[in-house]
Each structure stands twice: as C-alpha cells, then as structure tokens.
Amino acid sequence: METPPQQGVVKKKETRGRKPKPKEEKKEEQQQHAKTMKEGRKTQQQSQQQQPSVDEKYTQWKSLVPVLYDWLANHNLVWPSLSCRWGPQLEQATYKNRQRLYLSEQTDGSVPNTLVIANCEVVKPRVAAAEHISQFNEEARSPFVKKYKTIIHPGEVNRIRELPQNSKIVATHTDSPDVLVWDVENQPNRHAVLGATNSRPDLILTGHQDNAEFALAMCPTEPYVLSGGKDKTVVLWSIEDHITSAATDSKSGGSIIKPNPKSGEGNDKTADGPSVGPRGIYCGHEDTVEDVTFCPSSAQEFCSVGDDSRLILWDARVGSSPVVKVEKAHNADLHCVDWNPHDDNLILTGSADNSVRMFDRRNLTTNGVGSPIHKFEGHKAAVLCVQWSPDKSSVFGSSAEDGLLNIWDYEKVGKKIERSGKSISSPPGLFFQHAGHRDKVVDFHWNAYDPWTIVSVSDDCESTGGGGTLQIWRMSDLIYRPEDEVLAELEKFKSHVVACASKSEK
C-alpha cells in the first residue's frame, strides 16, 4: 500500500491531525524532550507552581472517578483515532448492552490506515461498582472494547459519520476531495499489513475541487450526505438511488448498498469504484469549510462554519447562495457546529478563540455581525467538537485541545450555584468537566441508545508521545437529576446507613 500523501504545512492539519506516532516508538523523542524541558525548567518553575501539571490534574481526576461517574471504561489506542462514533445496538442483556463502535487508526505509513468496527459492552446504569471503575491501567486495552472488523482505508480517516436511518452505513473523510461511503457489515474483514491493498468503498461521492478533510454530516431525515472542504464550498449528495429499500431497516441482512461488481478488496484505485455526483454545490465561504450540519427537521436546510469566521445557513430549495451569512460568528476560525435536535432555532458553534457560542436562527446578527444569545467560556484552548445531548434539549458537550470535555446546560446560565452558603465560581452553564484525557479531545459522541453515555477520544502525541486514548463514560445521575430528587435519595441512603450502624452496635 502506498503511504498516504502528506500535505504541505496546513493550518488545520497542524491543529487537528498530524503525522502520528505509535506509543512504542517514542523513547528517543521523549529523552530529547526531557532534555529540552530540563533546560527550560528554571524559567517555568513559577508558572508551574501556579498551574498544576497535566499529570497532577489527571491524578486528581482519577481519585474522584468513583464519586463522579456511574461507569467508565479506558481503552489504550496504539494509533490515534481522529473520530469516534456509536453504531447500532446489537443486543440487550440484564446488566449490559452490546453495541457497535466506529474508530480509526491514523498511522505513519508503516502499516495501513484503517477504519475499525468494534463491539462495545455498555454497562447499564447503577451496575458497576465504584471501586472497580477507577482501577484501570492507562496502558491497557479495555475488556469492554473488542475489535470486530478492520477496513483498510485509502488514506487517514479524519472523520466518521453514520447514516441515522441505518447506522451500518458510514461515510468517511480523508485527505482527498472525495467522500467515501461504506456498508461496514458487508465489507470484508482485512488484515492491516504493509503492502496490503486498500478496501474498496461501496460509494465514492465526488464534487469537491480540493481536499475535504473534516466537514461531514449525514441527514437525520433522508439519505443525504453533506461535506465542506478547502475549495470553500459545501457539497450535498443524495445516496437514495444507491441504497436498497432495506437500508431503512437496521435489522436487515446482506448488503444494503446496491451491488457493484467491482466492490470488495484488491484494487488500490478507488476511482474505479461507483461514484455519485453532487445534488448541489454551495458557495459563500472565503476560506476552508471546517464543519457542516443538517437542520434536524429538514433535509433541505443545513449550515456550515469555516476559517473565515462565518456561520452560513443554506436552503437547497432556494438555490446555491447563502440564506443567511453570519460574519464574525467568533473572533477566530470556526471548527465545529451542531443544530439542536429538540429545537430547530438553536445552533452551537465552537472556535479557535476557545469559546462555544449559541445562536438563535431567528436573530443571528446585530449590525451585520454575529450576535449569539450565549457565550460559553470554559476552555483554555481551541474547541474542536460540539454536540447537543440527544436526551435533554438544553444540554450539550464541547471538547477542546486543552484535554477537557465540558458538559453544559444553558438553562443553568444566570443561576448561582451555592454549596454550604458559599457561591461557586464556575463558567455560566458549565456543570460537569470530564478530565480523563491528557491531550486534545478530537472527537466525542453521545449514545442515542443509552442516555448520558459518551464515547470520547484523544490524540496523545503531546502528552504521552503517541497513540491515543478512548474513554466510554457516564456521569453519576446524582449530578444531573433534579436537586430535590437527589437530596431525597441521599436522605434515604443516610437513614439506611444509620439503621445498619445501629443494628451492628446491638
């Protein structure tokens, strides 16, 4: 297999993907890094005294795991994964459910880049013992995550998105103008060794004139795919004519993409595969389009964000020009966008200015520039991913290069939190901070089948010298349930403890 083409120094690839390194090959580099650190240590001592180190913060977080989490699984990745997505639920049992998980392996070319289909055992709420969930080895693989199938991907996998109508169909972005579509259940399982030929995608979506690396979305209501790229355009495809009617039935067997005699393995030239031209190409950005998303209730409406600091709303029914163009939506490049599945008026954006902003589509601008209804400032580095909760309309998550995954509730903005008469000073709306990653959290995904369960992945090149960390976690329900409910439960528990103690004394 050919080594994936490495682009020149590009602004976004520095931030969100780079030549990866496996964890095993880092000793020399770490020694050199240690030497450099030693030389500069004197000048850093003051700031280090003020700011706890990454390891200190992590140690503190790990000690709190039994209190903060209902369940947590930590899975070491030899190669970083730039994306993570939940697939279909396979099986329900008494104490846990089995579900597909989509990951990738971003390699340095010594072995092929891969799209990985894993099986995940998702432990049900209030099943895991508190003392067990914090006893994990950072360098080990989790017993809850098992690799099921490997697809040899033509180039690194920057983004994975599943088709909501049937999550066995996924689309991927790599460093090329094309979007690749895979029927993951029908693809052959491959052995990823140097020189192995690429797996052949089931569909190739063409239309971009330059690389499309990150901006990718699948429509919740129709089998439509949306992408943005370095050519500054947003491209829309329909794959309706290329998938069988069984695609709407997630329990169907066999291929759900119409057969193509050339599909399968054994040919590096993916261009020979079946290609689909665009339904529409939309121009309005002046720099790379970084993320796109559909309106949850309409396949014809969508929005995009880019390095031109713009948020643009589109409607395919009225042409290829913007419906609304929001200038200066942030003070820097925009990296991510998500549309509220419960309220079509609310749109979230995340940016290199370290903030998350919430816009109301009915009133997007003031004097021609972006006018968000809320600004959420709880990250210390560029925000890479935002996503609304599928369970509660006011809750969303944001992950960033600071290694944090913050959970927010905009209904809590303006409400003072008091504990023992003291007011707590945390950013407005922030109510949970997942600090289990020690490097940039490049992607996360709420589990639609399992409320409040999240999968997140970090690219650990800076902190541990390579590889990545996958974590699957669920915060304790005592954190997000109504306060009176929680207090009543704790009072009941206290009464139980007192009763047990009095019995033992007799």
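Please read all numbers here as calculations on a predicted model, not as lab measurements.
If you look at Trp339 and Phe359, their ring centroids are not closer than 6.0 Å. Less than 6.0 angstrom separates the ring centroid of Phe376 from the ring centroid of Phe396. Between Phe432 and Tyr480, the ring centre distance reaches or exceeds 6.0 Å.
Seen from the ring of Phe214, Arg159 does not count as a face-on cation partner, given the 6.0 Å and 45° thresholds.
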For Asp409 and Lys392: C-alpha separation, side-chain torsions, deciding distance, then whether salt bridge (Lys or Arg N to Asp or Glu O under 4.0 Å) applies. CA-CA 9 Å; Asp409 185 343; Lys392 192 168 188 295; 3.3 Å; yes
Does the side chain to side chain donor-acceptor pair (under 3.5 Å) test come out yes or no for Thr453 and Trp473, once each step is laid out? CA-CA 6 Å; Thr453 304; Trp473 53 276; over 6 Å; no
Run the salt bridge (Lys or Arg N to Asp or Glu O under 4.0 Å) test on Asp308 and Lys232 for me, step by step, so that the C-alpha distance in whole Å, both residues' side-chain angles and the decisive distance to 0.1 Å come before the verdict. CA-CA 10 Å; Asp308 53 6; Lys232 307 171 190 174; over 6 Å; no
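Side chains of His153 and Ser104 form no contact here, defined as non-hydrogen atoms less than 4.5 Å apart. Residues Val184 and Tyr102 have side chains in contact (heavy-atom distance under 4.5 Å, counting atoms from C-beta outward). Ile407 is listed as a side-chain neighbour of Val395, based on a closest heavy-atom distance under 4.5 Å. With a 4.5 Å cut-off on side-chain heavy atoms, Val386 and Val337 do not count as touching. Within the 4.5 Å cutoff, the side chain of Asp291 has no heavy atoms near those of the Leu334 side chain. Counting heavy atoms from C-beta outward, Pro154 and Leu180 have side chains that approach closer than 4.5 Å. Within the 4.5 Å cutoff, no side-chain heavy atoms of Lys375 are placed close to those of Pro428.
Asn340 and Ser393 get closest at one heavy-atom pair: ND2-O, 2.9 Å. Nearest heavy atoms, Asn113 versus Gly155: CB-O, 3.4 Å. The two atoms that bring Trp237 and Pro278 nearest to each other are CD1-CA, 3.5 Å, heavy atoms only. Listed here is the closest heavy atom pair of Ala332 and Ser309: O-OG, 2.8 Å. In this structure, Pro88 and Tyr449 approach most closely via the heavy-atom pair CA-OH, 4.0 Å.
A donor-acceptor pair under 3.5 Å is formed between the side chain of Gln187 and the backbone N or O of Arg200. With Asp70 contributing its side chain and Arg126 its backbone, the two residues share a donor-acceptor pair below 3.5 Å.
Residues Asp344 and Ser297 bring a donor and an acceptor atom of their side chains to less than 3.5 Å of each other. Side-chain N/O atoms of Gln92 and Asn97 include no donor and acceptor closer than 3.5 Å. Of the N and O atoms on the side chains of His379 and Glu401, not one donor lies less than 3.5 Å from an acceptor on the other residue. Side chains of Asp315 and Gln300: no donor on one and acceptor on the other come within 3.5 Å. A side-chain donor from one of Thr469 and Asp460 sits under 3.5 Å from a side-chain acceptor of the other. At a cut-off of 3.5 Å, with distance as the only test, a side-chain donor of Trp408 or Ser398 sits close to an acceptor on the other residue.
Ring geometry for Trp452 against Phe431 counts as perpendicular: the plane angle is over 60°, on a 0 to 90° scale with 30° as the lower cut. Ring geometry for His437 versus His434: interplanar angle over 60°, hence perpendicular rather than tilted (30 to 60°).
Atom NZ of Lys62 has more than 12 heavy atoms from other residues, nucleotides or ligands within 6.0 Å. Enclosure of atom CD in Gln60 is not indicated, since only 12 or fewer non-hydrogen atoms of other residues, nucleotides or ligands lie within 6.0 angstrom.
Taking a cutoff of 4.0 Å between a charged side-chain nitrogen and a carboxylate oxygen, Asp443 and Arg85 do not qualify as a salt bridge. Salt bridge annotation for Glu489-Arg481: present, with a cationic side-chain nitrogen under 4.0 angstrom from a carboxylate oxygen. A salt bridge links Arg361 with Glu301; the closest basic N to acidic carboxylate O contact falls under 4.0 Å.
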